[in-house]
Amino acid sequence: MYQTISTKNMSREEWLRLRKTGLGGSDAGAVCGLNPYTSPMGVYKDKTSEEISDTDKESMRQGRDLEDYVAQRFMEATGFKVRRSHKMYRSKEFPFMLADVDRMIDGQNAGLECKTCSAFQADKWKDGQIPAHYMLQCFHYMAVTGKREWYIAVVILGQDFQYRRIQWDDGIIQQLIAMEAEFWNGHVLSKIIPEPDGSQVSTEVLEQYFHTARKNSQIPLVGFDEKLQRREMLVRLMAEMETERKKIEQEIQLFMQDHELAVNDKYRVSWANVETSRLDTKRIKAERPEIYQEFLKTGSSRRFTIKAA
């Protein structure tokens with residue numbers, strides 16, 4: 001059903017390069033358009049580029065460091081024993097599917113995914129909920145390893161510990177495999193960029209791929225009239241909504257006058273003094289041009305504009 005690759009003595013760079021050879025659990029939600037932190041276009045760039053991207057954010061570092069703690073809390077809550085596998089799993093039937101699991105559960109046909117989140121994300125776990133991209137991550141691991149159950153445990157920092165059990169679902173898993181296969185074969189192997197999804201990640205990927213325009217180049221604009229008309233309508237609507245938002249805020253400011261706070265049972269409004277400081281670059285350029293030139297940093301980017309003919 002699967003083959004394994006030992007990761008016990010593997011360097012982080014080797015591990016990151018291995019992940020480029022297939023879709024992992026954290027990619028599953030993105031491929032399905034359900035991961036709020038990345039996009040299909042972001043996954044495509046990661047899998048098709050030679051670049052090894054190791055953007056280790058503080059939240060990611062803490063998540064790894066607290067993985068043992070989450071696993072320990074899970075064992076205390078359930079009485080189960082869990083272990084690290086020190087392996088990367090690759091599906092034999094669908095070799096583009098990889099699984100780097102947090103823990104396997106001894107004596108059970110099950111694995112464990114360990115998560116941490118801040119108190120601001122606690123509502124995403126209330127009433128037995130599981131964030132959609134984490135749910136798909138667990139189904140992905142089941143699809144690769146053949147395990148019939150997967151547990152997900154989360155420590156909500158400073159607040160709570162919870163865990164859930166996810167059972168094998170043929171319909172979801174088959175659909176997930178089909179979507180991942182379509183993405184891998186139709187985009188990664190074919191070198192066809194996925195459709196953008198409006199996310200910031202997609203904007204960044206497009207800027208990285210097409211960061212320089214060919215001077216004086218031009219192509220006919222074909223097939224976008226309806227979308228551009230829709231965009232014009234959205235721009236007008238957003239401007240109207242922005243004006244309405246500002247008007248509400250101005251009404252509250254007029255009501256508050258020189259008071260710093262306005263509070264009731266539902267809302268707390270603050271209009272506080274804020275000290276700011278900034279460099280007067282115009283004056284530096286005029287009075288100390290040598291210093292201005294020494295610290296001047298230049299760069300280039302592409303400006304995107306739309307005007308009606």
Rounded to the nearest 0.5 Å, how far apart are [atom1] of [X] and [atom2] of [Y]?
{"X": "Glu67", "Y": "Thr116", "atom1": "CD", "atom2": "OG1", "result": "9.5 Å"}
{"X": "Leu189", "Y": "Trp184", "atom1": "CG", "atom2": "CH2", "result": "6.0 Å"}
{"X": "Phe295", "Y": "Leu279", "atom1": "CZ", "atom2": "CG", "result": "10.5 Å"}
{"X": "Ile130", "Y": "Ile152", "atom1": "CD1", "atom2": "CD1", "result": "6.0 Å"}
{"X": "Ser39", "Y": "Glu195", "atom1": "OG", "atom2": "CD", "result": "12.0 Å"}
{"X": "Asn273", "Y": "Asp258", "atom1": "CG", "atom2": "CG", "result": "10.0 Å"}

Has the side chain of [X] got a donor or acceptor atom that lies under 3.5 Å from a matching backbone atom of [Y]?
{"X": "Thr7", "Y": "His86", "value": "yes"}
{"X": "Lys124", "Y": "Ala132", "value": "no"}
{"X": "His140", "Y": "Leu98", "value": "yes"}
{"X": "Thr243", "Y": "Ala239", "value": "yes"}
{"X": "Ser199", "Y": "Ser202", "value": "yes"}
{"X": "Arg164", "Y": "Met135", "value": "no"}
{"X": "Arg90", "Y": "Pro95", "value": "yes"}
{"X": "His187", "Y": "Ile192", "value": "yes"}
{"X": "Lys20", "Y": "Asp46", "value": "yes"}

Minimum heavy-atom separation for [X] to [Y], with atom names?
{"X": "Ala30", "Y": "Val43", "answer": "CB-CG2, 3.5 Å"}
{"X": "Pro194", "Y": "Phe183", "answer": "CG-CE1, 3.7 Å"}
{"X": "Glu113", "Y": "Cys138", "answer": "CB-SG, 4.1 Å"}
{"X": "Val205", "Y": "Gly42", "answer": "CG2-CA, 4.0 Å"}
{"X": "Tyr37", "Y": "Gln121", "answer": "OH-NE2, 3.0 Å"}
{"X": "Asn185", "Y": "Ser190", "answer": "O-OG, 2.6 Å"}

Kindly determine whether Lys115 and Tyr134 satisfy side-chain contact (heavy atoms from CB on, under 4.5 Å), including the steps that lead there.
CA-CA 9 Å; Lys115 298 294 185 188; Tyr134 291 158; 3.5 Å; yes
Checking Asp68 now: which residues fulfil side-chain hydrogen bond (donor to acceptor under 3.5 Å, both in side chains) with it, not counting sequence neighbours?
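Scan of Asp68 (side-chain hydrogen bond (donor to acceptor under 3.5 Å, both in side chains), adjacent residues dropped) gives Arg84, Arg103.
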Counting only heavy atoms not in [X] (residues, nucleotides, ligands), do more than 12 fall under 6.0 Å from its [atom1]?
{"X": "Gln175", "atom1": "CD", "value": "no"}
{"X": "Asn9", "atom1": "CG", "value": "no"}
{"X": "Glu244", "atom1": "CD", "value": "no"}
{"X": "Glu290", "atom1": "CD", "value": "yes"}
{"X": "Arg288", "atom1": "CZ", "value": "no"}
{"X": "Met233", "atom1": "CE", "value": "yes"}

Determine the interplanar angle of the Trp150 and Tyr141 rings, folded into 0 to 90°, and report it as parallel if under 30°, tilted if 30 to 60°, perpendicular if over 60°.
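Judged by the thresholds at 30° and 60°, the geometry between Trp150 and Tyr141 is tilted.
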Testing Tyr151, Tyr69, Phe161 for ring pair (Phe, Tyr, Trp, His ring centres under 6.0 Å) with Phe74, which one passes?
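The passing option is Tyr151.
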Set out, in order, the CA-CA distance, both residues' side-chain angles and the distance that settles salt bridge (Lys or Arg N to Asp or Glu O under 4.0 Å) for Arg12 and Glu14, then state yes or no.
CA-CA 5 Å; Arg12 183 159 178 82; Glu14 290 173 319; over 6 Å; no
Of Lys47, His133, Gln137, which is the lone residue that meets side-chain hydrogen bond (donor to acceptor under 3.5 Å, both in side chains) with Asp27?
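Option passing the side-chain hydrogen bond (donor to acceptor under 3.5 Å, both in side chains) with Asp27: Lys47.
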Glu13 vs Arg17, test: side-chain contact (heavy atoms from CB on, under 4.5 Å). Steps then yes/no.
CA-CA 6 Å; Glu13 182 175 341; Arg17 202 166 286 283; 3.9 Å; yes
Between Ile177 and Glu93, is a side-chain contact (heavy atoms from CB on, under 4.5 Å) present by the stated rule, with each step listed?
CA-CA 11 Å; Ile177 291 172; Glu93 186 176 2; over 6 Å; no
List the residues meeting salt bridge (charged side-chain N to carboxylate O under 4.0 Å, His left out) with Asp102, not counting sequence neighbours, and say none if there are none.
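Counting only residues at least two positions away or on another chain, Asp102 forms no salt bridge (charged side-chain N to carboxylate O under 4.0 Å, His left out).
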Could you tell me whether [X] and [Y] have a side-chain N and a carboxylate O separated by less than 4.0 Å?
{"X": "Lys247", "Y": "Glu251", "result": "yes"}
{"X": "Lys147", "Y": "Glu149", "result": "no"}
{"X": "Arg245", "Y": "Glu249", "result": "yes"}

Any link between [X] and [Y] through a network of hydrophobic side chains (Ile, Leu, Val, Met, Phe, Trp, Tyr) touching at under 4.5 Å?
{"X": "Tyr163", "Y": "Trp125", "result": "no"}
{"X": "Met1", "Y": "Leu176", "result": "yes"}
{"X": "Met97", "Y": "Ile172", "result": "yes"}
{"X": "Val101", "Y": "Leu23", "result": "yes"}
{"X": "Met179", "Y": "Phe94", "result": "no"}

I'd like to check [X] versus [Y] (side-chain heavy atoms, cut-off strictly below 4.5 Å). Are they in contact?
{"X": "Pro40", "Y": "Val31", "answer": "no"}
{"X": "Met75", "Y": "Gln72", "answer": "yes"}
{"X": "Met41", "Y": "Val201", "answer": "no"}

Taking atom types as modelled and ignoring hydrogens, do the side chains of Arg165 and Thr78 form a donor-acceptor contact shorter than 3.5 angstrom?
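Arg165 vs Thr78: no donor-acceptor pair found between side chains.
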Indicate whether the side chain of Asp100 and that of Trp15 have a donor and an acceptor atom separated by less than 3.5 Å.
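The criterion, which ignores hydrogens and geometry beyond distance, is satisfied for Trp15 and Asp100.
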Begin from the C-alpha positions of Leu66 and Val155 and carry the test side-chain contact (heavy atoms from CB on, under 4.5 Å) through to its verdict.
CA-CA 9 Å; Leu66 291 170; Val155 165; over 6 Å; no
Members sharing Val222's hydrophobic cluster (side chains within less than 4.5 Å):
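None; Val222 is a cluster of one.
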